[in-house]
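What follows is a set of notes on a single structure, which appears directly below.
Just so you know, these numbers use all the heavy atoms, side chains as well, and skip hydrogens, waters and symmetry mates.
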Amino acid sequence: VGDGITLSNPSMHTLSISKCSNTTVNNAIFSTYNCNNGDGIDYSASTSPFTVVNSVFNTGDDCVCFAASKETTGHAWIFDNYFGRGHGVIALGSNTNEGIEDVTAEDNVANGTAVGLRGKSQYGNGGGAWNIIFRNSALANITDNDGVPFMLTNDYSAASKTGDNGAPCFHDISVSNCTVNGAKKAFISVTGTAKDASGTDYNITMNNLSFAYNASCAISNFRVAGGI
């Protein structure tokens, strides 16, 4: 999908990809800002290689969103893209039941987005996301909506509860070699769950990050032994 195509003004999500194999989005423009729930790309129920490259996003919701309500989802490479407005550059969830895995986002530019890496779920959905890499990217003016460059939460109130599967868990996540020039709130926000220790996030690595503004980190219900 791509080759200069512009996708604009959808009634809801723009491009939904599910149960597909070897999918590439190359040189596409997603223009959905101010559209209700106007995600750029929704990717689900697929673990075949998925690539997003050389594309531009200016969306009314998440830019590239992964969902795993019924099947494991992932094995994606997102690189060399420009992200303008949107709730999250890379969104993991909120449907995390069967797990989101093996997603790499690198060499991207974000300006005006709400969150760079956005993990979101709630108690009852279970699953989570793991083996996630976000690196070598430049972020600026992270002031839309949440306004946090890197945010993981197991207490996302807007999540659709898709079962009685206990707590979700975000783990084995690496964020490295990124610059952030301005944001509205905390540098990093990680909110685990107080209901179930199995859902407390762990093994999250932040390395060589540069923040050009004054803020702090907000971390709660985190499995301290796992490190951050």
Side-chain angles (χ1 to χ4, degrees), residues 10 12-18 23 25 30 32-33 35-46 50-52 55-69 72-79 81-106 108-122 125 127-135 137 139 142 144-162 168-171 173-175 178 183 185 188-191 201 204:
M12 197 173 172
H13 304 325
T14 311
L15 177 61
S16 293
I17 301 170
S18 183
T23 307
V25 177
F30 295 83
T32 71
Y33 181 62
C35 293
N36 182 39
N37 209 8
D39 288 346
I41 299 174
D42 280 281
Y43 191 73
S44 64
S46 305
F50 170 51
T51 302
V52 181
S55 295
V56 175
F57 294 81
N58 194 45
T59 69
D61 207 304
D62 293 316
C63 297
V64 182
C65 183
F66 295 85
S69 59
T72 302
T73 296
H75 297 258
W77 185 24
I78 299 102
F79 69 102
N81 302 287
Y82 179 85
F83 297 90
R85 300 294 291 269
H87 293 181
V89 169
I90 305 299
L92 311 169
S94 59
N95 294 333
T96 59
N97 300 46
E98 299 302 321
I100 299 161
E101 63 182 16
D102 299 319
V103 175
T104 296
E106 59 186 347
N108 296 299
V109 173
N111 186 359
T113 317
V115 183
L117 180 63
R118 185 188 193 204
K120 50 178 180 170
S121 192
Q122 70 160 310
N125 285 2
W130 50 85
N131 297 336
I132 310 297
I133 297 172
F134 189 103
R135 65 189 176 194
S137 295
L139 293 76
I142 308 302
D144 194 13
N145 208 355
D146 291 307
V148 178
F150 311 109
M151 182 177 184
L152 303 172
T153 179
N154 296 339
D155 191 27
Y156 181 59
S157 60
S160 299
K161 187 175 179 181
T162 51
C169 183
F170 295 103
H171 63 90
I173 294 174
S174 173
V175 179
C178 295
K185 296 181 182 178
I188 300 163
S189 176
V190 180
T191 305
D201 305 332
I204 299 172

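Rounding to the nearest 0.5 Å gives a distance of 7.0 Å between OG of Ser121 and CG of Asn97. Atom CG of residue Leu152 and atom SG of residue Cys169 lie 10.0 Å apart, to the nearest 0.5 angstrom. Annotation: the span from Arg118 atom CZ to Phe150 atom CZ amounts to 15.0 Å, rounded to 0.5 Å. Note: Leu117 CG to Arg135 CZ = 13.5 Å, rounded to the nearest 0.5 Å. The CD1 atom of Ile173 lies 6.5 Å from the CG atom of Leu92; values are rounded to the nearest 0.5 Å. Here the CG-CG distance, from Asn81 to Asn108, works out to 5.0 Å after rounding to the nearest 0.5 Å.
Scanning for ring pair (Phe, Tyr, Trp, His ring centres under 6.0 Å) contacts around His171 gives Trp130, Tyr202, with sequence neighbours left out. Applying the salt bridge (charged side-chain N to carboxylate O under 4.0 Å, His left out) rule to Asp155 yields no partners; only residues at least two apart in sequence or on another chain are considered. In this structure Phe57 satisfies the ring pair (Phe, Tyr, Trp, His ring centres under 6.0 Å) test together with Phe30, Phe83, sequence neighbours excluded. In this structure, Asp102 has no salt bridge (charged side-chain N to carboxylate O under 4.0 Å, His left out) partners at least two apart in sequence or on a different chain. For Asp42, the side-chain hydrogen bond (donor to acceptor under 3.5 Å, both in side chains) partners at least two apart in sequence or on another chain are His13. Residues meeting the ring pair (Phe, Tyr, Trp, His ring centres under 6.0 Å) test with Phe79, sequence neighbours left out: Trp77.
Counting all heavy atoms, side chain and backbone alike, Ala68 lies closest to Gly99 at CB-O, 3.4 Å. Residue Asn111 comes nearest to Tyr82 through the heavy atom pair CB-OH, 3.4 Å, listed as atom of the first residue, atom of the second, then distance. Shortest non-hydrogen contact noted between Phe50 and Val64 is CE2-CG1, 4.5 Å. In terms of heavy atoms, Ile132 sits closest to Ile100 at CD1-O, 4.1 Å. Scanning all heavy atoms of the two residues, the minimum distance from Cys63 to Thr59 falls at SG-OG1, 3.6 Å. Looking at every heavy atom in both residues, Ala114 comes nearest to Asp144 through CB-O, 2.8 Å.
A donor-acceptor pair is defined here as one N or O able to donate and one able to accept, closer than 3.5 Å; such a pair exists between the side chain of Thr32 and the backbone of Gly60. Side chain of Thr113 to main chain of Gly84: a donor-acceptor pair is present (N/O by atom type, distance under 3.5 Å, no hydrogens or angles). Panel note: side chain Thr14, backbone Asp39; a donor-acceptor pair is recorded below 3.5 Å. In this structure, the side chain of Asn125 engages the main chain of Ser94 through a donor-acceptor pair within 3.5 Å. The closest donor-acceptor contact from the side chain of Thr191 to the backbone of Thr153 lies at 3.5 Å or more, if one exists at all. Put simply, the side chain of Thr72 gets close to the backbone of Glu98: a donor and an acceptor are under 3.5 Å apart. Put simply, the side chain of Thr73 gets close to the backbone of Ala45: a donor and an acceptor are under 3.5 Å apart. For Asn58 (side chain) and Arg85 (main-chain N/O), a donor-acceptor pair under 3.5 Å exists by modelled atom type.
A salt bridge links Lys120 to Asp62: one of the charged nitrogens lies within less than 4.0 Å of a carboxylate oxygen.
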Pair Ile90-Phe66, side chain to side chain contact (heavy atoms under 4.5 Å, CB included): steps then yes or no: CA-CA 8 Å; Ile90 305 299; Phe66 295 85; 4.1 Å; yes
